[in-house]
Amino acid sequence: MIGLLKIAFKLLVNDKGKFAALLIGITFAVFLMVQMTSIFAGILQKASAVVTNIGAKIWIMDPSVTTVANSVPMPDYVQDAVRSIPGVKYAVPLYSGGATLKLQSGVYQSVTVLGLDDTSLLGRPELLEGNIEDIYAENGFIVVKDSEIEKLENPVVGTVFELNDHRGVIVGIAKVTNNGLFGIPSLYTTYNRAIQYIPSARFTSSYILVEPKVESDIATIKQEVANMGYLAITDEEFCNKISNFYKYKTGIGTNILFMTIISFVVGLSISGQTFYTFILENLDKFGALKAIGAKSQELVIMIVFQAAFTALTGYGLGVGLCTLMIFLAKMRLPNYASIVTYTDLGMAFLMVIIIAIFSSYIGVRKVLKIEPFDVFRG
Amino acid sequence: MANTAIIARQLVKWFGEGESRTNAVQEVSFEIRYGESFFLVGPSGSGKTTLLSMMSGILRPNSGSVLIDNTDIWSLNNDELADFRLNRIGFVFQDYHLFPRLTTVENVAIPLILKRCDWDEAIEEALKFLDIVGLKGRAFLPPVKLSGGEQQRVAIARAMVSQPDILIFDEPTASLDGDSGKKIMAFVKSDILNEKRCVLVVTHDDRIFEFADCIMKMEDGKVTAIEKGLAK
Ligand SMILES: Nc1ncnc2c1ncn2[C@@H]1O[C@H](COP(=O)(O)OP(=O)(O)OP(=O)(O)O)[C@@H](O)[C@H]1O
Ligand SMILES: [Mg+2]
């Protein structure tokens with residue numbers, strides 16, 4: 001058996017032109033597909049960055065919220081009502097909104113401001129410099145050290161700025177777990193300072209963060225909140241909601257899907273076609289093998305092996321190339337949104353398996369049909 | 001007297017049905033003995049290849065039987081038949097059908113590989129047979145680098161490598177010039193044929209008739225003459 005596979009391998013690899021064409025077809029398809037889907041996955045992950053960074057178990061919001069940044073303020077009574085739901089351990093407000101800073105150089109810069117509940121500081125970041133208590137200091141703000149921080153002219157503890165005629169001071173520098181999507185810096189402050197400094201509509205809390213007493217209370221909390229006309233979802237559900245918004249409401253998802261399908265079809269046709277010519281070229285030899293005494297199943301094994309070998313090699317090259325690209329891109333652009341997820345890899349794998357099955361199917365069909373008698377007759 | 005190798009009984013083969021039916025082989029019977037070089041000659045379309053294919057387990061006859069060492073080969077199933085061909089018959093096709101992407105020695109080793117021999121042993125054995133046909137020096141070239149006569153010899157080495165007792169040649173000299181054709185046949189006659197083997201040759205080429213022990217003539221699917229005990 002090993003000898004047969006060795007023959008199959010040599011027939012394939014020694015035909016350098018065709019083998020290269022096969023590999024290019026599959027590598028290209030895998031590369032495009034993984035690349036597309038990783039960029040998308042990267043965007044989605046970043047879009048939910050705030051949710052994961054804050055880390056609250058349950059988020060309460062207006063039902064029309066689509067992404068974290070587009071919060072719809074809720075009246076204060078909602079918070080009180082939520083607190084009285086049995087099963088709620090605590091419920092605190094979160095402010096999330098945009099603001100414009102005037103930097104020391106006089107330059108204006110947009111930022112995202114997150115206002116944490118004054119008493120609990122729920123969702124507080126991990127600090128690289130400074131103490132979390134300093135957030136209570138006069139005009140205290142904490143800046144997130146992400147790839148956008150340089151837009152604030154590289155602030156350090158003590159740097160001052162202006163925010164709607166209020167003075168602001170950087171009192172700490174926070175570590176970032178996930179970068180945001182929008183390419184603007186993020187600041188943390190207290191909830192009360194946020195609503196005081198940033199003018200807003202009558203209603204103020206963007207989100208209410210809830211910790212349930214036990215996991216099993218989540219269902220009741222959801223129900224109670226729904227009765228009030230608001231939406232309570234877990235952090236995971238919120239991330240999915242945001243992902244779905246980008247996938248289905250923005251056109252990004254559809255485009256990525258199209259590109260993926262196109263790369264699949266292109267890969268399939270290049271490799272299918274090339275493999276088919278490869279089989280055709282060797283068809284009389286396969287017929288001769290049959291005449292000599294090769295059994296049909298042996299020929300099938302040879303062909304499936306050839307198709308599988310090419311597909312897997314192409315898959316490896318494609319994924320490798322993609323990883324390299326992302327690595328290089330991230331070296332230059334630290335905020336390059338792209339993550340290779342196992343789902344993407346699995347999908348690409350499924351795709352090459354389909355290509356391999358398709359190619360071997362057409363090859364096998366051809367080879368099983370050939371009559372050694374026809375080879376004899378020339 | 002040598003033993004009978006192959007007995008063909010009342011072989012019939014037709015192609016197509018109704019109006020377009022061709023009776024390629026009609027009730028042909030004959031015997032081939034070990035040690036014999038048996039030539040099948042006749043005009044184009046007379047049914048030589050069809051008959052040869054039925055004799056070697058490649059084409060199922062419509063009726064009649066082929067007995068090889070008392071086994072009716074057409075009573076075997078497809079896999080048994082494949083094994084039978086692999087173990088007992090060596091084929092030399094008119095167009096050689098050598099894999100251009102394999103080296104000469106790998107091509108020769110194929111029947112052994114199919115018999116599940118170890119790769120290195122198969123290559124070693126194939127080298128021996130390439131040596132016998134005088135092509136050891138070409139072993140690691142691809143067959144396309146060889147001349148037509150050399151490729152023919154490679155095909156012969158491949159047919160012989162598994163030491164079959166029946167060798168089948170279809171038009172072995174059709175694409176060779178007279179001299180090379182004669183050389184090949186002289187080689188087959190002196191170095192390959194022995195009392196445990198027989199050679200069945202289909203040919204148009206009367207220049208090689210001198211190498212035949214027995215010549216069977218066919219026309220329109222029927223045997224018209226058998227001449228025995230020709231060469232010495
Ligand atoms: N697969 C087939 N379908 C239809 N007719 C066939 C088929 N194979 C052979 N024939 C017919 O059977 C007859 C015998 O063919 P065969 O190939 O055996 O002749 P041949 O003696 O080998 O001729 P040649 O010397 O040209 O090779 C021919 O008339 C041919 O057209
Ligand atoms: Mg013929």
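Each chain gets a letter, A, B and so on, in the order the sequences are listed, and its residues count up from 1.
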For each of B:L98, B:N87, B:D118, B:L52, tally heavy-atom pairs with chain A at distances under 4.5 Å, and name the one with the top tally.
B:L98
Passes side chain to side chain contact (heavy atoms under 4.5 Å, CB included), B:L127 versus B:D131? Steps please.
CA-CA 6 Å; B:L127 277 173; B:D131 197 17; over 6 Å; no
Answer yes or no: is there a side-chain heavy-atom contact under 4.5 Å between A:S243 and A:Q45?
no
Quick check for you: among B:I168, B:D95, B:L59, which has the greatest number of heavy-atom pairs under 4.5 Å with chain A?
B:L59
What part of B:L81 lies closer than 4.5 angstrom to a heavy atom of chain A: side chain, backbone, both or neither?
neither
Do A:F31 and A:F28 have their ring centres less than 6.0 Å from each other?
no
Do B:K48 and B:H204 have side chains that get closer than 4.5 Å, going by heavy atoms?
yes
Please determine, among A:N282, A:L4, A:I7, the option with the most heavy-atom pairs under 4.5 Å with chain B.
A:I7
Please flag which part of B:S162 lies under 4.5 Å from any non-hydrogen atom of chain A: side chain, backbone, both or neither.
neither
Please identify, among B:T103, B:D83, B:L114, the residue contributing the most non-hydrogen atom pairs under 4.5 Å to chain A.
B:L114
Side chain, backbone, both or neither: which part of A:L12 has an atom under 4.5 Å from a heavy atom of chain B?
neither
Closest non-hydrogen contact found for B:I166 with B:I68 is CD1-CG2, 3.8 Å
Mind checking salt bridge (Lys or Arg N to Asp or Glu O under 4.0 Å) for B:E150 and listing every partner two or more places apart, or none if nothing turns up?
B:R138
Of the listed A:P372, A:A291, A:A288, the one with the largest count of heavy-atom pairs under 4.5 Å with chain B is A:A291
Applying a strict 4.5 Å limit to non-hydrogen atoms, the region of B:F93 in contact with chain A is side chain
Sub-4.5 Å side-chain heavy-atom contact between A:R377 and A:E371:
no
Could you tell me which portion of A:V13 (side chain, backbone, both or neither) has an atom closer than 4.5 angstrom to a non-hydrogen atom of chain B?
neither
